[in-house]
Protein chains: 2
Amino acid sequence: MPVSESVRESPATELSRLFPGVAFPAGCPSRVVLDHVTSKWGVLVLIALADRTLRWGELRRAVEGISEKMLAQTLKTFEADGLVTREALPVIPPHVEYSLTPLGNELVALLQPLLVWTARNAESMLAR
Amino acid sequence: MPVSESVRESPATELSRLFPGVAFPAGCPSRVVLDHVTSKWGVLVLIALADRTLRWGELRRAVEGISEKMLAQTLKTFEADGLVTREALPVIPPHVEYSLTPLGNELVALLQPLLVWTARNAESMLAR
DNA sequence: CAGAATCCTATACGATACTG
DNA sequence: CAGTATCGTATAGGATTCTG
């Protein structure tokens, strides 16, 4: 059944159509992006920026435990991916703001239900 | 506005209610579960098991590039978390089947849209 | 304030070999 | 077939210092 018939494909169906053989084969672009998002601090940085603009220092405090090195690295990756924008105001002392791009917002919208589920279930999952 | 009023909270709102201060503070149970899911092979193993039961060898082939060590480790973590069940048939040679628990199915249902989005956007994201 | 640069190390991970 | 055990290493990541 063609997609054009306005019958929406389920995500599961679409995935098996997008990957007829093995899903996310090694080295494919999807796997690279997935690695960026699921990198140690990726998800936490992204949701910290949900619906708001944060400065470097604020972001650092919002993502508890992140080092400066990893914050810089994670932000650069996301900037290159087109998920985050960096805006530097030419003042002294420096003032730099980070926020999500439209693409970043799309992604975060998909991440949020996942995080809600995690927050709801985490405690009982680790109980044993 | 109380949740009980049948007005559904948005995921964003619920997250800020669940985490009044910093989201996913260091060491909290949610962060641990998030680390399991976003571990190097976590997502790939979970979606490989979406809607089907796989044997060890099949799983290894379905998750291209995974080593035996990491497959074993990832599966044990998910078993302990209650996301995956392991069923060993007492035959020789051994026959072991892995599948998702109801909890695992919930999680994968949230993962799928994320993976569809990734597959759709990855190529253009890495273009530059 | 917002980073870059350096140094250092833990551990996550892979390769290989072995076994019930 | 479905793992475990051992070993070795690369690199992800942290701590610290420095600077425009």
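Numbers restart at 1 for each chain; the letters A, B, ... are given by sequence-line order, proteins then strands.
- Across the protein-nucleic acid pair, Glu97(B) atom CD and dC1(D) atom P stand 15 Å apart, rounded to whole Å.
- The interatomic distance linking Leu71(A) (CG) with dA4(C) (P) rounds to 10 Å, in whole Å.
- Nucleotides of DNA chain D nearest to Arg61(B) and Lys76(B) differ in position, and the one nearer the 5' end is that of Arg61(B).
- Between the CG atom of Leu89(B) and the C1' atom of dA2(D) there is a distance of 13 Å, given to the nearest Å.
- Considering only side-chain N and O atoms, Tyr98(A) lies under 4.0 angstrom from the phosphate OP1 or OP2 of dG3(C).
- Between Arg120(A) and Glu14(B) there is a salt bridge, since a side-chain N of the basic residue sits under 4.0 Å from a carboxylate O of the acidic one.
- Spacing between atom CD1 of Ile92(B) and atom P of dT19(C) amounts to 17 Å, rounded to whole angstrom units.
- Under 4.0 angstrom from either OP1 or OP2 of dA2(D) there lies at least one side-chain N or O belonging to Arg55(B).
- Rounded to an integer number of Å, the gap from NE2 of His95(B) to C1' of dG3(D) is 15 Å.
- Minimum heavy-atom separation, Glu58(A) to Thr53(A): OE1-O, 4.3 Å.
- Remark: Phe24(B) engages Phe19(B) in a ring-ring contact (aromatic ring centres under 6.0 Å, His included) (not counting sequence neighbours).
- Of the possible polar contacts, none joining the Thr118(A) side chain to the Ser30(B) backbone as a donor-acceptor pair under 3.5 Å is found.
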| request: Give the B/S/- string for nucleotides 11-20 of chain D, one per nucleotide from 5' to 3', where a protein heavy atom under 4.0 Å of the base yields B, of only the sugar-phosphate yields S, and otherwise -. | output: --BB-----B
| query | Between Leu71(A) and Trp41(A), does a side-chain contact (heavy atoms from CB on, under 4.5 Å) hold up when you go through it step by step? | reply | CA-CA 8 Å; Leu71(A) 180 54; Trp41(A) 300 101; over 6 Å; no
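- Across Tyr98(B) and Leu49(B), no two heavy atoms sit closer than the pair O-CD2, 3.4 Å.
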